[in-house]
Amino acid sequence: MTAFSKPTAASAFDGDAMYQACVPALVRGLRALAAELRRGTASACARQFDSIVLVQSRLAPDMLTLAGQVQRASDTAKLSAERLCGVPAPKFPDTETTMEELQDRIKATIAYLQHLKPEHFQGSESKTIPLQRLGEARGDIYLLEFGLPNFYFHIAMAHAILRHNGVPVGKMDYLGSTAESK
């Protein structure tokens, strides 16, 4: 049993297209997340409370904290790329407890992604990607139906936690229109 669509034809992607669909999108999302975290830190300072309150916040008792959402976004970004191109991703122990530590994790994830090249993704569109409990998927289907949606879910939840706690972030912040280019 699989949670993924069955391919009906050969992939319309090639390695270059897989790289373009994966790496720039992940980097842009991580940069937008980093910018939103900076807004969270500034908001906490302006409202005179410790930003650790935001790091530990969650939307519901059974959901991850802001730190957990950032950690999962980072993991999803680096592991999606690793699964597709085979270049080992760095391992992070999920011990971040401050905004600064979360920013460092995002920077390290971006650094890994930025060292990847389109040639690393050659053949990834047709590569079989196995996932525990979900079955397996062809590379292009994995990216479009699991990797990117899962990444954006965690970015969106981090955004929602910040917004729920009064941080002045909006749709354009989430989309990354004001995210720094570096």
In the single-linkage hydrophobic clustering (I, L, V, M, F, W, Y; side-chain heavy atoms under 4.5 Å), do [X] and [Y] co-cluster?
| X | Y | result |
| --- | --- | --- |
| M172 | V169 | yes |
| L59 | I52 | no |
| L79 | F146 | no |

Pairwise side-chain contact, [X] with [Y], heavy-atom cut-off 4.5 Å (strictly under):
| X | Y | value |
| --- | --- | --- |
| L66 | M99 | yes |
| I106 | S74 | no |
| S57 | H164 | no |
| M18 | D140 | yes |
| L162 | L37 | yes |
| L64 | M157 | no |
| I110 | K107 | no |
| T98 | V55 | no |

If you measure from [atom1] on [X] to [atom2] on [Y], what distance do you get to the nearest 0.5 Å?
| X | Y | atom1 | atom2 | result |
| --- | --- | --- | --- | --- |
| E101 | T95 | CD | OG1 | 6.5 Å |
| E125 | K127 | CD | NZ | 11.0 Å |
| E96 | D104 | CD | CG | 8.5 Å |
| T41 | L54 | OG1 | CG | 7.5 Å |
| C85 | E119 | SG | CD | 10.5 Å |
| L143 | L26 | CG | CG | 7.5 Å |

Open item on the list: Salt bridge check, D16 against K117: does any charged N sit closer than 4.0 Å to a carboxylate O?
Closed with: no
- [ ] State plainly whether the residues R105 and D94 are in salt-bridge range, i.e. N to O under 4.0 Å.
- [x] yes
Quick one: closest heavy-atom pair of [X] and [Y], and the distance?
| X | Y | value |
| --- | --- | --- |
| A89 | Y112 | CA-CE1, 3.6 Å |
| F121 | C22 | CE2-SG, 4.2 Å |
| G170 | D173 | N-OD2, 2.7 Å |

- [ ] Would you check if there is a donor-acceptor pair between the side chains of S43 and R39 at a distance under 3.5 Å?
- [x] no
TODO: Return yes if a side-chain donor-acceptor contact under 3.5 Å exists between Q69 and T65, otherwise no.
DONE: no
Taking [X] for the side chain and [Y] for the main chain, is one N or O donor matched with an acceptor at less than 3.5 Å?
| X | Y | answer |
| --- | --- | --- |
| T76 | R72 | yes |
| Y152 | G29 | no |
| E36 | Y174 | yes |
| N165 | V167 | no |
| R58 | M63 | yes |

- [ ] Begin from the C-alpha positions of I129 and R138 and carry the test side-chain contact (heavy atoms from CB on, under 4.5 Å) through to its verdict.
- [x] CA-CA 6 Å; I129 309 293; R138 193 172 69 190; over 6 Å; no
- [ ] Begin with the C-alpha distance, continue with both residues' side-chain angles, and end with the deciding distance and a verdict on side-chain contact (heavy atoms from CB on, under 4.5 Å) for F151 and S80.
- [x] CA-CA 9 Å; F151 173 73; S80 292; over 6 Å; no
Open item on the list: Ring of F92, cation from K78 - is the NZ or CZ under 6.0 Å from the centre and inside 45° of the axis?
Closed with: yes
Task: Residues which pass ring-ring contact (aromatic ring centres under 6.0 Å, His included) with H154, listed by chain and number, not counting sequence neighbours - done: none
- [ ] Take V87 and L116 through the side-chain contact (heavy atoms from CB on, under 4.5 Å) test and state the conclusion after the steps.
- [x] CA-CA 8 Å; V87 175; L116 300 176; 3.7 Å; yes
Task: side chain to side chain donor-acceptor pair (under 3.5 Å) partners for R83, two or more places apart - done: Y142
